[in-house]
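Notes follow the structure.
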Amino acid sequence: GQQLNQSPQSMFIQEGEDVSMNCTSSSIFNTWLWYKQDPGEGPVLLIALYKAGELTSNGRLTAQFGITRKDSFLNISASIPSDVGIYFCAGQSGSARQLTFGSGTQLTVLP
Amino acid sequence: NAGVTQTPKFQVLKTGQSMTLQCAQDMNHNSMYWYRQDPGMGLRLIYYSASEGTTDKGEVPNGYNVSRLNKREFSLRLESAAPSQTSVYFCASRTAFASNQPQHFGDGTRLSIL
């Protein structure tokens, strides 16, 4: 099946720093989604991208849908302690719009 | 504003026992999904229901069965639990099956098989 390569696997950053993570695939997706998962909870949608080249912001978060439709990145600016969690990318494709998930980026924000 | 509700939140089973995980959504969504999440991996699709009355296998269906009881509820059953099924299980729903709209997730059921 399709696979997404998400990097980095983990990040340790100082509060106030900017963060960048990305996902790449050998397959084309028609939608890219970014989710955040807090401990003991389910993934919560952060940003949805529907068009190649699209750049979308949600507060301090910015994500882009790559023009090749095979990649996406997520940036977090001026990180704060509550940004801690696991961030997942997910791509939707096919007539069934099935989701394929990346393996996640574990973000730790140090005070 | 419950969204997707899963029960139970935690469960410990012995090998060979059976169990049904419950999921209900109050968003009037047509499609529902069951995923499992293992350490260091993304979510993998077990089964899905495109609409009330239909179910189909996902990526990892072996050892599981599902029932779409009505539009709101979609249950996942382990007939004879195995240690390899120790995982966190997430239910999700979406407005429509072949839709670009994102899936919304419950908070998960943490299942341990001894």
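Order of the sequence lines fixes the chain letters, A, B, ..., with proteins taken first and strands second; residue numbering starts at 1 for each chain. Side chains are part of it too, since the values below use all heavy atoms of this structure and drop only hydrogens, waters and symmetry mates.
For A:Y50 against B:P102, the heavy-atom pair with the smallest separation is OH-CD, 3.4 Å. The shortest non-hydrogen separation linking B:Q103 to A:Y35 is O-OH, 2.8 Å. When all heavy atoms of B:G42 and A:F88 are compared, the closest pair comes out as CA-CE2, 4.0 Å.
A continuous path of ILVMFWY side-chain contacts below 4.5 Å connects A:L61 to A:V84, so both sit in one hydrophobic cluster. Taken together through direct or relayed side-chain contacts under 4.5 Å among Ile, Leu, Val, Met, Phe, Trp and Tyr, A:F73 and A:M11 form parts of separate hydrophobic clusters. Under the 4.5 Å side-chain heavy-atom criterion for Ile, Leu, Val, Met, Phe, Trp and Tyr, B:M32 and B:F105 are members of distinct hydrophobic clusters. Follow the hydrophobic side-chain contacts under 4.5 Å out from B:Y33 and you never reach B:L111; the two are in separate clusters. One hydrophobic cluster holds both A:L4 and A:F65 under the rule that ILVMFWY side chains link at heavy-atom gaps under 4.5 Å.
Contacts between B:E59 and chain A at a heavy-atom distance below 4.5 Å are absent for every atom of the residue. Neither the backbone nor the side chain of B:R44 comes within less than 4.5 Å of any heavy atom of chain A. The parts of B:L43 that come within reach of chain A are both its backbone and its side chain, each placing non-hydrogen atoms under 4.5 angstrom from that chain.
The local environment of CD in B:Q17 is crowded, with over 12 non-hydrogen atoms from other residues, nucleotides or ligands closer than 6.0 Å. With a 6.0 Å radius and a threshold of 12 heavy atoms from other residues, nucleotides or ligands, A:I67 has its CD1 atom at or below the threshold.
Looking at heavy atoms from C-beta onward, B:Y35 lies in side-chain contact with A:L99 at the 4.5 angstrom threshold. A heavy-atom distance below 4.5 Å is found between the side chains of B:R94 and A:Q92. Annotation: side chain of B:F90 is not in contact with side chain of A:E41 (no heavy-atom distance under 4.5 Å).
Checked by atom type, the side-chain pair A:Q37/B:Q37 shows a donor-acceptor distance below 3.5 Å.
Each of A:A48, A:G40, A:A90 has some count of heavy-atom pairs under 4.5 Å with chain B, and the biggest count is that of A:G40.
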